[in-house]
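Here's the structure we're looking at; comments come further down.
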Amino acid sequence: MLHYEIVADPTSLQASLPNEPSVGTVYLIVSNTHQAQVEWDYIDVALPLLAQSSNLTDTPATVTATVERTYNNPWDDALEFTWDAAHDCFRARLSQTQPSTRQFALLDAHGALVLKLENIPVAEGAGLSLLEIRERAGGGDDNLAMRQDHYTTYLGLAKQTPRVPRNFRPDKSLLDVDAGEQLVLRWDGPNSLDYAILDQTGAEVRSEPAVPGAAPAHQEYSWTTAAPKRGTTYTLVAKAAGGGQQRGYFLTTTVHAVIPEFASGTRTLWVEGVANKGRLTPTADGVDVRNPAGDLGRITADKADVDNVTTRVVQGRTDSAGWITFPDQGVNVYHGSNSDLGVLTAARADVEGVNTKWAGSRDAGSGWIEFTQPGATLHKDGNQDLGALTADKVDVEGVNTRWVGDRDAGKGWIGFPQDGIDIRKDGGQSWGTVHADKADVDGINTKWVQGRSTSDGWIEFPAEGLRVLRDGGHDLGTVTAGKAELNELNTGLALVSGEARVRGMLSVGGGMKLSHDGTRMFVTLPDRIIYSAINEFKQWVGMERGLTVSFQTGSFSATKEGGILTHGCDVQFQQGTVSISKGNPPQVRFL
């Protein structure tokens, strides 16, 4: 009955992004376009969760809701517009905290209301957000009676996410290559674009194609690679999917190395330390190394590549470090300041055979293998706890194990209790999901059953029987069947598209409304019955107190107290007396 318009601020609402919340305002303008007042009971603004709708907000209870009239009269009652958790909507109505002079609110002809939804925490995801408007009203130009049910209409507004890339940046712009730091570049952008990263030479070092067939979404991208050895500028190029040679969008960022390394060399007269002032000076026949006092210094290196070294002992930098001697039969490796045999560490050892009690990693806290009489035993963490065998394929006669899981400890796993098999998820104790094309079992015990999508309808099994729900939520769903035989039917609304037959007694407790082709024919109200058609009674009709029939020019009534009485005609029957009224003024004659 009323007219609705929607306005958003900002005009195009920005959908929230990960770690970037968005807030907006929505105005609903409710206009009375009639020449007469409209009487209204309530106006609901609901946020339906439909497949084709993007949710406006995930926390409606935090929204600030208010209502204003375009102009106020002294006799207007106070209104309120608040979140109604019981009806899962924002509801406008007469104030529930201030006294009212009438049952229903009034909206004058040509008047309007503004329903404000402010400080809306906008939900993630771009797309159309629907608002369901439910209005229970009456009056207007046709002076319609207050409806038993509400009118319903829908309004919508669009949420958007940025359509071009932005925020191309490194996690750190100054990197320590020697400390093993890696370069991490990040950017935000829609998944409908092709992305490429170019290095300082223009070569493409990273390609991130658009997500084929996916719903457009704004997300954060990242690329991790080895840190550059000197200052480097990277360029992000974004193009429409399959855009060919088009220019697209370009963003740049620059990173530096704490200690830069130059591929083609560095020319200098001398090099001096920062904290320690030792100096290295290139000379005509080599390099001159001096200490801070100017005396010849010492060369300390991790590796020395020379044509020949003749020595008796080679030892680490400290007196307690390992050392090597060169006897006639080969090489002896020792450790510490005594003659205990030490450890030989090498990238590879090619020998005819190895005799050892155990084999382990260089890290004493890692896994190791012990060679026992029955075979080989795997241990972990440098202790006696059994470790894990990792292989591409294992071919054995049998496996005895407490559980089986994926390599990632955070994924699903299978346990083997005494009574069968347990399926768990996320590396914890929560029940997981079995995916199969078909399951043939003798029975199923479960709390609920649902389609493969979380938005499908689902069935739960309470103690009293079966409940069918829809849209992955808790709204009651629809049972579709060719035939249903029930001992009893309890329902809020029954819609019969064909013929309804009642074999027993039809008892209507809340009133009855009958219509034909949209025309009202028969309506029962607490104090009267309204007929809108010809009534043909072929048997007796009993009236408890009397009968009154009205015409355009008169009326006829028959009551127990007053007898038969007519108005607008010459002959009257009243209290057993017949009279005739004629003339102007009328002359009454009794018979």
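Model, not experiment: these values are computed from the prediction. Starting from 1, each residue takes its place in the sequence as its number.
- In this structure, the separation between CG on Asp58 and CD1 on Ile120 is 12.5 Å, given to the nearest 0.5 Å.
- Within the 4.5 Å cutoff, the side chain of Val333 has no heavy atoms near those of the Thr325 side chain.
- The shortest side-chain heavy-atom distance between Pro292 and Asn276 does not fall under the 4.5 Å cut-off.
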(Q) Let's go through Asp295 and Arg290 carefully: what are the C-alpha distance in whole Å and the side-chain angles of both, what is the deciding distance for salt bridge (Lys or Arg N to Asp or Glu O under 4.0 Å) to 0.1 Å, and is it a yes or a no? (A) CA-CA 5 Å; Asp295 299 327; Arg290 299 283 177 174; 5.7 Å; no
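- Across every non-hydrogen atom of Arg230 and Pro260, the tightest pair is CB-CB, 4.1 Å.
- When side chains are defined from C-beta on, Asn119 does not count as touching Thr62, because their heavy atoms never get closer than 4.5 Å.
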Q: Apply side-chain contact (heavy atoms from CB on, under 4.5 Å) to the pair Phe326 and Val331, showing each step before the final yes or no.
A: CA-CA 5 Å; Phe326 303 92; Val331 175; 4.1 Å; yes
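- For the pair Val45 and Ile133, the minimum side-chain heavy-atom distance is below 4.5 Å.
- Distance CD/Gln160 to OG1/Thr11: 10.5 Å, rounded to 0.5 Å.
- In this structure, His379 and Trp368 have parallel ring planes: the angle between them is below the 30° cut-off, well short of the 60° mark.
- Residues Thr446 and Phe461 have side chains in contact (heavy-atom distance under 4.5 Å, counting atoms from C-beta outward).
- More than 12 heavy atoms of other shown residues, nucleotides or ligands fall within 6.0 angstrom of atom NZ in Lys277.
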Q.
Would Asp188 and Tyr221 count as a side-chain contact (heavy atoms from CB on, under 4.5 Å) here? Give the steps.
A. CA-CA 6 Å; Asp188 305 318; Tyr221 293 86; over 6 Å; no
**Q.** Pair Lys172-Glu181, salt bridge (Lys or Arg N to Asp or Glu O under 4.0 Å): steps then yes or no
**A.** CA-CA 9 Å; Lys172 290 182 63 177; Glu181 291 185 341; 2.8 Å; yes
**Q.** Verdict with supporting geometry, Arg91 and Asp44, salt bridge (Lys or Arg N to Asp or Glu O under 4.0 Å)
**A.** CA-CA 4 Å; Arg91 171 162 286 192; Asp44 287 345; 2.7 Å; yes
Q: Could you go through the salt bridge (Lys or Arg N to Asp or Glu O under 4.0 Å) check for Glu370 and Lys380 one step at a time?
A: CA-CA 11 Å; Glu370 181 182 13; Lys380 68 176 181 179; over 6 Å; no
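- Side-chain contact check for Arg424 versus Asp422: some heavy-atom pair is nearer than 4.5 Å.
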